[in-house]
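Every heavy atom of this structure was used, including side-chain atoms; hydrogens, water molecules and symmetry mates were not. Every chain is numbered from 1 and lettered A, B, ... according to where its sequence line falls, protein lines coming before strand lines.
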There are 2 protein chains.
Amino acid sequence: MPELPEVETVARSIKKEFLNCKILRVRVTDCRLREPVAVDYPSQIAGGVLQDVSRRGKYLLMRLRHAAASEVLFHLGMSGRMLLTTEFHPHERVRIEFDRGCLVFIDPRRFGFTRAGAHLADSLTLGPDALDISRAQLKAILTGKREIKEVLMMQNRIAGIGNIYASEILFVAGIHPLTPADAVTGQAVYRLQQAIYHVLREAIRLKGSSIADFYYGKAQQGGYQNRFKVYDREGASCITCGTKIIKIRQCGRSTWFCPQCQVR
Amino acid sequence: MPELPEVETVARSIKKEFLNCKILRVRVTDCRLREPVAVDYPSQIAGGVLQDVSRRGKYLLMRLRHAAASEVLFHLGMSGRMLLTTEFHPHERVRIEFDRGCLVFIDPRRFGFTRAGAHLADSLTLGPDALDISRAQLKAILTGKREIKEVLMMQNRIAGIGNIYASEILFVAGIHPLTPADAVTGQAVYRLQQAIYHVLREAIRLKGSSIADFYYGKAQQGGYQNRFKVYDREGASCITCGTKIIKIRQCGRSTWFCPQCQVR
DNA sequence: CCAAGGAACAGAGA
DNA sequence: CTCTCTGTTCCTTG
Ligand SMILES: [Zn+2]
Ligand SMILES: [Zn+2]
C-alpha cells in the first residue's frame, strides 16, 4: 500500500500523536533493509524533539530539533508500516521510543529503509508531488513513447503514484493504460489532472487502502480498498458500463482497466 | 514428492505402458486445478497417438501425433500422481483412456495442472536440468546473497530440485544450507555438482521417494524414502558423525541438516 | 538515452 | 512433496 495516500495518512497519524515529543531511545531490531540502517542511526536521533512530519512523494520525513541529525527519512517499500504500539511485532525493524509512546517501523519484505541526517529531502530526485501538480507541469512530463501507466509511476517525473492508484486514476480519466505518454494531449491532460487529484484526495480522506494486512497508527485500517474501481477486479463488471475488467502486464506489474471506457 | 526423480519415474512408466498407443477418450472429472483445465482440453488431445514422454525439471511432457494439440504438459504440484488404473479414485481430476488402458491424474490438493497445445516446453522458464547441469552452468547460477538451499530450489536457475532433495543434496555435499549462494566456490562447487548428480541418480534408480501416499504407475512405491539422510530426521543421529539432525525454517519451508558435517 | 529483466524479500493463496 | 503473485526501487544488460 504505501503509495501517496497511505504515506500521507501515516504522516498525519504520527504528527498528531508525537509532535513536540522527545525521542528517549531508538532500537534497531534488524538493520537488514534495502539500505542497511546505519550503525550510528540511534545516536543520531536520540534526544531529538519532533518538530514536523511531512511527506515527499512516497517518502516520510520527520524534522527534529536538539538531535545530531535534523531529519529522519523513511521509505515504506512494498510492505512497510508505521505503528503506534508498545507491543512487539515479528517483522519489527526499528523502534523509536518517544516520551509519549512508541513508533514502530515494521517491514516484512525489507524493501523499505530509513536514514538520519540533514537535507535528506534534497537528495531525492522526485518530480512534482502528485497532489499538487499543475496542469502545465503535468503536460511537461507527458513526453516520449513510454506508456502512460508507466510514466505515472515514474517518481522522478511525478511523485507519489504507485501501482494501485495508477490503474484507478487512468480509469477515472478514461485513458487506456497502453497509450504512449506523448499521445495524452488536450482534454485528456485535463481529465488526467482532475483524476489524479480526486482519486488521491478521496483515498486520503478514507485513510488509504488496506490490503494484505496494511494498517497504520494504532492498528487502524484505511477504507479505500472498498472503493477500487478496477484494481484487482479482473473479470468483474465495470461500474460504469458493465464490461469485464481486464488485467494486463506492463513493465513487470499488473494493470487493470476497462477496455470499453478507456480508449487509446 | 513430485520432484525430478518422481517425475522421471512417472514419465518412464507412462512411456513403457503407452508408447504408440492411441487416446480414445479424455474425461476431465474436475477442472478446478491451479490453472483450470481448458474446456477444449479433451478435444485437443483425443485421437492422438503417444509419440514420446519426457521430463523438463518437474514437468511431464507427452508428445502426440494425429491430435489437434501436439503436446500435453503436466505439473504434479504438491500431491499430484499419475496412475495406470481403471478404478475410480476420489481425487481423480483427469482420465486419459488409451486403447491399452487408462492414465489417471490424481491431485488431492489441486496445486498441479495440465495443458494441451504446441511448444509448451518453450513457455517454461527453466534453468538447466539438474540431472545434466555442467560445472560451469552450476557455477554461473551461484550468485547473490540468497541462501544456497533456496537457490537450489529456484526452477529458473536449476530445474528439478524440490524441498526433499535440496536438503539431501546439501548434506552429501557437506554444505550448510544457510550459506550465501555466492560463497559456494572452488571445491564446494564440485562437491555440489557431484552431490546433485549422485543423489538424483540414486533416487531415480529407486523409483523416487514415496511419502504421504505417493505412488506411481500401477500403484507401485518408490524406495528412496528409506535412504533419507537428513530429510524429516530431526533429532535423529547423523549417519556420518552421530550429531543430532537439526530442522530449521527457510523461506517458508523446512530444511534439515547436520550442524557438524555441514559448515558454512 | 531507452527497454527489459533481475535482484532484493516474505507471506498468502491457489 | 509446488508455484505465482504482491504495495517499490535500483541495477545491469542489451
Ligand atoms: Zn467500462
Ligand atoms: Zn554429521
Give a yes/no answer on whether the side chain of A:Arg249 brings an N or O atom under 4.0 Å of OP1 or OP2 in D:dT6.
yes

Would one find a side-chain N or O of A:Lys58 under 4.0 angstrom from OP1 or OP2 of D:dT9?
yes

Using atom OH of A:Tyr165 as one end and atom C1' of D:dT8 as the other, report the distance to the nearest whole Å.
15 Å

Pair B:Lys58 + B:Glu3, salt bridge at N-O below 4.0 Å:
no

Rounded to the nearest 0.5 Å, what separation is found between the CD1 atom of A:Ile204 and the OH atom of A:Tyr224?
11.0 Å

Atom CE of B:Met153 to atom C1' of D:dT4: distance rounded to whole Å?
14 Å

Without decimals, in angstroms, what is the distance between A:Phe111 CZ and C:dG11 P?
12 Å

For the aromatic rings, using the six-membered ring if either is Trp, is the centroid distance between A:Phe257 and A:Tyr231 under 6.0 Å?
no

Tell me whether the side-chain N/O atoms of B:Arg157 come closer than 4.0 Å to OP1 or OP2 in C:dG6.
no

Non-hydrogen side-chain atoms of A:Ser79 and A:Phe111 separated by less than 4.5 Å:
no

In whole angstrom, give the distance that lies between atom CG of A:Leu4 and atom C1' of D:dT8.
14 Å

OP1 or OP2 of C:dC9 sitting under 4.0 Å from any side-chain N/O of B:Arg146?
no

C1'-based separation of C:dC1 from D:dT8 [nearest Å]
23 Å

A:Arg110 or B:Leu33, whichever maps to the more 5' nucleotide of DNA chain C
A:Arg110

Hey, are A:Gln250 and A:Thr255 close enough side-chain-wise for a donor-acceptor pair under 3.5 Å?
yes

So, does the side chain of B:Arg34 form a donor-acceptor pair with the base of D:dT4 at under 3.5 Å?
no

Could you give the CG-to-C1' distance, from A:Asn163 to D:dT6, as a whole number of Å?
9 Å

Base of C:dC9, side chain of A:Arg109 - is there a donor-acceptor contact under 3.5 Å?
yes

At 4.0 Å (heavy atoms only), tell me whether A:Ser254 reaches a base, stays on the sugar-phosphate, or touches nothing.
sugar-phosphate

Pair assignment for C:dC2, Watson-Crick or G-U wobble, requiring both distances under 3.5 Å
D:dG14

Looking only at side-chain N and O atoms, does A:His91 come under 4.0 Å of OP1 or OP2 in C:dG11?
yes

Between the CG atom in A:Leu83 and the CD atom in A:Gln220, the distance rounded to the nearest 0.5 Å is 9.5 Å

Rounded C1' spacing from C:dA3 to D:dT6 in Å:
23 Å

Short side-chain N/O contact to D:dT6 OP1/OP2 from A:Arg253, under 4.0 Å:
no

Could you give the CG-to-P distance, from B:Asp182 to C:dA8, as a whole number of Å?
9 Å

C:dA7 OP1/OP2 closer than 4.0 Å to side-chain N/O of B:Lys145
no

If you measure from the C1' atom in C:dA8 to the same atom in D:dT2, how many Å do you get, rounded?
22 Å

May I have the distance from A:Arg81 (atom CZ) to D:dT6 (atom C1'), rounded to whole angstrom?
13 Å

For A:Tyr231, report the nucleic acid contact type (base, sugar-phosphate, nothing); a contact means any heavy atom under 4.0 Å.
sugar-phosphate

Should the pair A:Asp232-A:Lys247 be classified as a salt bridge under the 4.0 Å nitrogen-to-oxygen rule?
no

When the distance from CE of B:Met78 to C1' of C:dA12 is rounded to whole Å, what number comes out?
14 Å

Short side-chain N/O contact to D:dT8 OP1/OP2 from A:His75, under 4.0 Å
no

For B:Gly252, which contact category applies under a 4.0 Å heavy-atom criterion: base, sugar-phosphate, or nothing?
nothing

May I ask you to say what B:Glu35 touches in the nucleic acid, namely base, sugar-phosphate or nothing, with a heavy-atom cut-off under 4.0 Å?
nothing

